[in-house]
**Student:** 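Have a look at the structure that comes next, please.
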Amino acid sequence: MAVTSVCVYCGSRMGAKPAYEAAARDFGTGLANAGLRLVYGAGDVGLMGTVARAAQAAGGETFGVIPEHLVNREIGKRDLTTYVVTETMHERKKVMLYNADAMVLLPGGMGSLDELFEAITWRQLGLHNKPIVVLNTDGYWEPLRTLVEHVVSEGFAGADHAEHLQWADTPEAALKALQS
């Protein structure tokens, strides 16, 4: 399956290291330059705003999905190619996943983890077979990698479930993983 749309899960905050913002900006630019549509949470704050603005500046198509209760909190980015307001977070995640051919996780917090784990669970249950890439900027997601390995080693998931995640250390490597 050719990837044309990428769902990006990332923080509504910038995080502690400038490398996170730089990677988000480079990834957004790279998506647009590769002709890939950005699907994301429609906020104009934190790393998600950075990814969207970079994709837009590079001429990329953007598809944002935000629940009504977060429009003000995450400053809904209304100048996107497509801007969708949902009633609930559950609906937001469903619309994002259904409108993307792959998912990429950038640094983020609990919401990003929620989105990632739902995508992994849906894949485990056979609801999709889309690639899931973890952009591990400056080793941010190493604890997640350790946790996934632990879940497998303790017998709560098969090794094939850990293989649902592809790991990339740079935006360029994440984009390459999407195109392989």
Side-chain angles (χ1 to χ4, degrees), residues 1-15 20-135 137 140-141 144 164 171 174-175 178:
M1 165 178 74
V3 172
T4 61
S5 277
V6 178
C7 182
V8 174
Y9 304 133
C10 60
S12 60
R13 298 178 182 196
M14 295 305 262
Y20 304 146
E21 181 180 6
R25 188 176 48 252
D26 292 349
F27 190 73
T29 301
L31 280 175
N33 289 340
L36 301 173
R37 178 178 69 166
L38 168 66
V39 176
Y40 85 113
D44 200 15
V45 296
L47 296 184
M48 74 168 121
T50 300
V51 170
R53 287 187 301 277
Q56 286 177 309
E61 186 179 343
T62 53
F63 185 106
V65 185
I66 192 165
E68 208 171 319
H69 72 277
L70 288 180
V71 169
N72 292 329
R73 183 176 179 175
E74 292 185 348
I75 309 173
K77 191 162 175 38
R78 297 168 199 248
D79 64 340
L80 303 169
T81 310
T82 303
Y83 179 74
V84 177
V85 178
T86 62
E87 289 185 29
T88 67
M89 288 293 287
H90 294 292
E91 187 181 359
R92 174 198 214 180
K93 291 185 290 184
K94 177 182 168 184
V95 171
M96 287 169 60
L97 188 67
Y98 284 3
N99 281 281
D101 303 315
M103 284 70 64
V104 176
L105 175 68
L106 277 64
M110 300 310 164
S112 302
L113 285 168
D114 174 55
E115 293 165 329
L116 171 73
F117 281 116
E118 186 156 321
I120 292 170
T121 301
W122 286 16
R123 182 160 176 180
Q124 179 181 334
L125 295 173
L127 298 175
H128 74 83
N129 192 29
K130 300 173 183 182
I132 304 170
V133 179
V134 177
L135 178 48
T137 305
Y140 180 80
W141 290 117
L144 174 63
H164 293 326
L175 288 162
L178 293 170

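Keep in mind the model is a prediction, meaning the values are calculated, not measured.
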**Student:** Glu21: what forms a side chain to side chain contact (heavy atoms under 4.5 Å, CB included) with it, not counting sequence neighbours?
**Tutor:**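 Result, side chain to side chain contact (heavy atoms under 4.5 Å, CB included) vs Glu21: Met14, Arg25, Leu47, Thr50.
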**Student:** Are any of the side-chain heavy atoms of Tyr9 and Met96 separated by less than 4.5 Å?
**Tutor:**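 A side-chain contact exists here, since the closest heavy-atom pair is under 4.5 Å.
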**Student:** Return the OG1 to CG distance between Thr121 and Leu116, rounded to the nearest 0.5 Å.
**Tutor:**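 With rounding to 0.5 Å, OG1 (Thr121) is 8.5 Å from CG (Leu116).
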**Student:** Is a side-chain N or O of His128 found less than 3.5 angstrom from the main chain of Trp122, in a donor-acceptor match?
**Tutor:**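 Not confirmed, His128 side chain does not pair with Trp122 backbone.
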**Student:** Taking all non-hydrogen atoms of both residues into account, name the closest pair between Met48 and Ser12 and its distance.
**Tutor:**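 The pair with the smallest heavy-atom distance is CE-CB, 3.6 Å.
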**Student:** Would you tabulate the side-chain donor-acceptor contacts of residues 103-111 under 3.5 Å, counting partners in other chains and residues two or more places apart, or write 'none'?
**Tutor:**
none

**Student:** Tell me every residue that passes side chain to side chain contact (heavy atoms under 4.5 Å, CB included) with Thr82, counting only those two or more places apart in sequence or in another chain.
**Tutor:**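 Per chain and number, Thr82 pairs via side chain to side chain contact (heavy atoms under 4.5 Å, CB included) with Phe63, Val84.
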**Student:** Tyr83: what forms a side chain to side chain contact (heavy atoms under 4.5 Å, CB included) with it, not counting sequence neighbours?
**Tutor:**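 In terms of side chain to side chain contact (heavy atoms under 4.5 Å, CB included), with neighbours along the sequence ignored, Tyr83 is linked to Ala42, Ile66, Val71, Arg78, Leu80, Val85.
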**Student:** To the closest 0.5 Å, what do you measure between CG (Asp26) and CG (Leu31)?
**Tutor:**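 If I round to the nearest 0.5 Å, the distance is 11.0 Å.
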**Student:** Got a sec: does the NE2 of His90 have more than 12 other heavy atoms crowding it under 6.0 Å?
**Tutor:**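 No - once you tally the heavy atoms of other residues, nucleotides and ligands closer than 6.0 Å, there are 12 at most.
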**Student:** Can you check whether Cys7 reaches Leu97 side chain to side chain, under 4.5 Å on heavy atoms?
**Tutor:**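 No, every pair of side-chain atoms sits at 4.5 Å or beyond.
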**Student:** For Tyr140, which residues count as a ring pair (Phe, Tyr, Trp, His ring centres under 6.0 Å) partner, sequence neighbours excluded?
**Tutor:**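 With neighbours one apart ignored, the set is Tyr20.
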**Student:** If you take all heavy atoms of Pro171 and Leu135, which pair is closest and at what distance?
**Tutor:**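 It is N-CD1, 3.6 Å.
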**Student:** Is there side-chain contact between Pro67 and Thr88, with at least one heavy-atom pair below 4.5 Å?
**Tutor:**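 When only atoms from C-beta onward are counted, Thr88 and Pro67 do not touch, as no gap falls below 4.5 Å.
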**Student:** Identify, with sequence neighbours excluded, every residue that meets side chain to side chain contact (heavy atoms under 4.5 Å, CB included) alongside Ala34.
**Tutor:**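 So Ala34 forms a side chain to side chain contact (heavy atoms under 4.5 Å, CB included) with Leu36, Gln179.
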**Student:** Would you mind listing every salt bridge (charged side-chain N to carboxylate O under 4.0 Å, His left out) that reaches into residues 101-128, with sequence neighbours excluded?
**Tutor:**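 Checked against salt bridge (charged side-chain N to carboxylate O under 4.0 Å, His left out) - neighbours excluded - the pairs reaching residues 101-128 are Lys93-Asp114, Lys93-Glu118.
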**Student:** Scan residues 65-75 for pairs that pass salt bridge (charged side-chain N to carboxylate O under 4.0 Å, His left out), counting only residues two or more places apart or in two chains.
**Tutor:**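 Salt bridge (charged side-chain N to carboxylate O under 4.0 Å, His left out) check on residues 65-75 returns Glu74-Arg92.
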**Student:** Roughly how far, to the nearest 0.5 Å, is CD of Gln124 from CG of Leu127?
**Tutor:**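 With rounding to 0.5 Å, CG (Leu127) is 10.5 Å from CD (Gln124).
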**Student:** Of all the heavy-atom pairs spanning Gly30 and Leu175, show the shortest one and how long it is.
**Tutor:**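 Nearest heavy atoms, Gly30 then Leu175: CA-CD1, 3.5 Å.
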**Student:** Among pairs that include at least one residue of residues 29-49, which meet side-chain hydrogen bond (donor to acceptor under 3.5 Å, both in side chains), considering only residues two or more places apart or in two chains?
**Tutor:**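 Every side-chain hydrogen bond (donor to acceptor under 3.5 Å, both in side chains) pair that includes a residue of residues 29-49, provided the two are not neighbours, is Ser5-Arg37, Asp44-Arg53.
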**Student:** Which heavy atom of Ala32 sits nearest to which heavy atom of Ala58, and what is that distance?
**Tutor:**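 Minimum heavy-atom contact is CB-CB, 3.5 Å.
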**Student:** Distance check, rounded to the nearest 0.5 Å: His69 atom NE2 versus Thr86 atom OG1?
**Tutor:**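 If I round to the nearest 0.5 Å, the distance is 8.0 Å.
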**Student:** Is Thr62 reaching over with its side chain to a backbone N or O of Thr81, donor-acceptor style, under 3.5 angstrom?
**Tutor:**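 A pair under 3.5 Å: yes.
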